[in-house]
Amino acid sequence: MDLTFLKDDTLLAAKNLLGKKITTEIDGKLTSGYITEVEAYLGEQDKAAHAYQLRRTKKNEMMYREYGGVYVYTMHGHHCMNFITRDATMPEGVLIRAIEPEEGIDTMIERRGRAVNLTDGPGKLTQSLGVKRDLHNGTRLNEGPIQLSEGRMPVQIIESKRIGIDNKEEAVEYLYRFTVKGNPYVSKDRVKPEEKNGWKA
DNA sequence: CAGAAGATGGGCT
DNA sequence: GCCCATCTTCTGG
């Protein structure tokens, strides 16, 4: 699909990512799901971003690339996946925090070692999809094992504060987290499922 | 049952 | 030492 929507405003790109389908084909197994929760990280101006004030390290080097790249970092032994937006001078991106499982659920259960909470958190969904930092950091969407395609449309998008950044001063207050209203496959909050899990059609 | 608390953990500076 | 998380256990209603 056309990825140019990742090139411009990162907040808009984040909202447009909701409902898109992520498909991975890793270790010969196909898994997929629809994006239900994302967070935008705005680089230079954003105290919660890895690239705040254009900080550049071996770890976040990937953010200084053209839109469409995949940035994977590790946290407490878990992998977190971001899609890079903008261009090489603007290290911005969108953290994928949760998806609604679609295909390959048996594979997800196998990889996770449990049958519940497969994809309702940034470290969980990467484990279910088989995404690893050493193999997939620096790859590009639709040019490798990680594919992005059209999926579903959220009825309504909820804006909220980002998770896990309580020591980032004013950045804590930014409403840069976006979730599909009525979809239970999200991190932290327990959501009562609405009709069609909050998707149109 | 929900929410809080504690342990765990890897890659970087 | 710092950090965009998860799981298990403990607590209280």
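Source: prediction; values computed, not measured. Below, chain A is the first sequence line, B the second, and so on; all start at residue 1.
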**OP:** For side-chain contact (heavy atoms from CB on, under 4.5 Å), just list the numbers for Glu150(A) and Lys20(A), CA-CA rounded to whole Å, side-chain angles, deciding distance to a tenth of an Å, and then say yes or no.
**Re:** CA-CA 5 Å; Glu150(A) 295 295 349; Lys20(A) 293 282 188 294; 3.7 Å; yes
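Counting only Watson-Crick or G-U wobble pairs whose defining distances are both under 3.5 Å, the stems of 3 or more consecutive pairs in DNA chain B are B:1-8 with C:5-12, B:10-12 with C:1-3.
Note on Ile165(A): only backbone sugar-phosphate atoms sit closer than 4.0 angstrom, heavy atoms only; bases stay farther off. Heavy atoms of Arg177(A) sit nowhere under 4.0 angstrom from any nucleic acid atom.
Rounded to whole Å, atom P of dC3(C) lies 17 Å from atom CD1 of Ile163(A). Remark: P of dG10(B) and CD of Gln127(A) are 14 Å apart, rounded to the nearest angstrom. One can place NZ of Lys188(A) at 12 Å from C1' of dG3(B), the figure rounded to the nearest angstrom. Note: NE2 (His79(A)) to P (dC4(C)) measures 17 Å, nearest angstrom. Put simply, NZ on Lys58(A) is 6 Å from P on dC12(B), counting in whole angstrom units. Put simply, CG on Leu125(A) is 12 Å from P on dA5(C), counting in whole angstrom units. To the nearest angstrom, C1' of dC3(C) lies 13 Å from CG of Leu95(A). In this structure, the CZ atom of Arg190(A) is 11 Å from the P atom of dC1(B), given to the nearest Å.
Of the listed nucleotides (dC3(C), dC12(B), dG11(B)), dG11(B) has the atom at the smallest distance from the side chain of Thr74(A). Listed candidates were dC7(C), dC4(C), dG11(B). Nearest to the side chain of Arg133(A) is dG11(B). With dA5(C), dC4(C), dC7(C) as the choices, the nucleotide that has an atom nearest any side-chain atom of His78(A) turns out to be dA5(C).
Side chains of Leu3(A) and Asn142(A) form a contact here, defined as non-hydrogen atoms less than 4.5 Å apart.
You'll find the ring centres of His50(A) and Tyr41(A) outside the 6.0 Å limit.
Taking a 4.0 Å limit (strictly below) on heavy-atom distances, residues 31-55 of chain A does not reach DNA chain B anywhere.
By the criterion of side-chain heavy atoms lying less than 4.5 angstrom apart, applied directly or through intervening Ile, Leu, Val, Met, Phe, Trp or Tyr residues, Ile158(A) is not grouped with Val94(A); the two fall into different hydrophobic clusters. Linking ILVMFWY residues whenever their side-chain heavy atoms come closer than 4.5 Å, directly or via other members, places Leu42(A) and Tyr174(A) in the same cluster.
Here the CD atom belonging to Gln156(A) is positioned 12.0 Å from the CG atom belonging to Leu18(A), to the nearest 0.5 angstrom.
Just one of His79(A), Met81(A), Met108(A) meets the side chain to side chain contact (heavy atoms under 4.5 Å, CB included) condition when paired with Leu125(A); it is Met81(A).
Side-chain contact check for Thr31(A) and Thr24(A): at least one donor-acceptor pair (N or O, by modelled atom type) lies under 3.5 Å. Between the side chains of Ser128(A) and Thr119(A), no donor-acceptor pair is found at a separation under 3.5 Å.
Under 4.0 angstrom from either OP1 or OP2 of dC7(C) there lies at least one side-chain N or O belonging to Arg112(A). Between Lys168(A) and dC4(C), a side-chain N or O to OP1/OP2 separation shorter than 4.0 Å is present.
Using modelled atom types, one side-chain atom of Arg112(A) and one backbone atom of Asn117(A) make a donor-acceptor pair closer than 3.5 Å.
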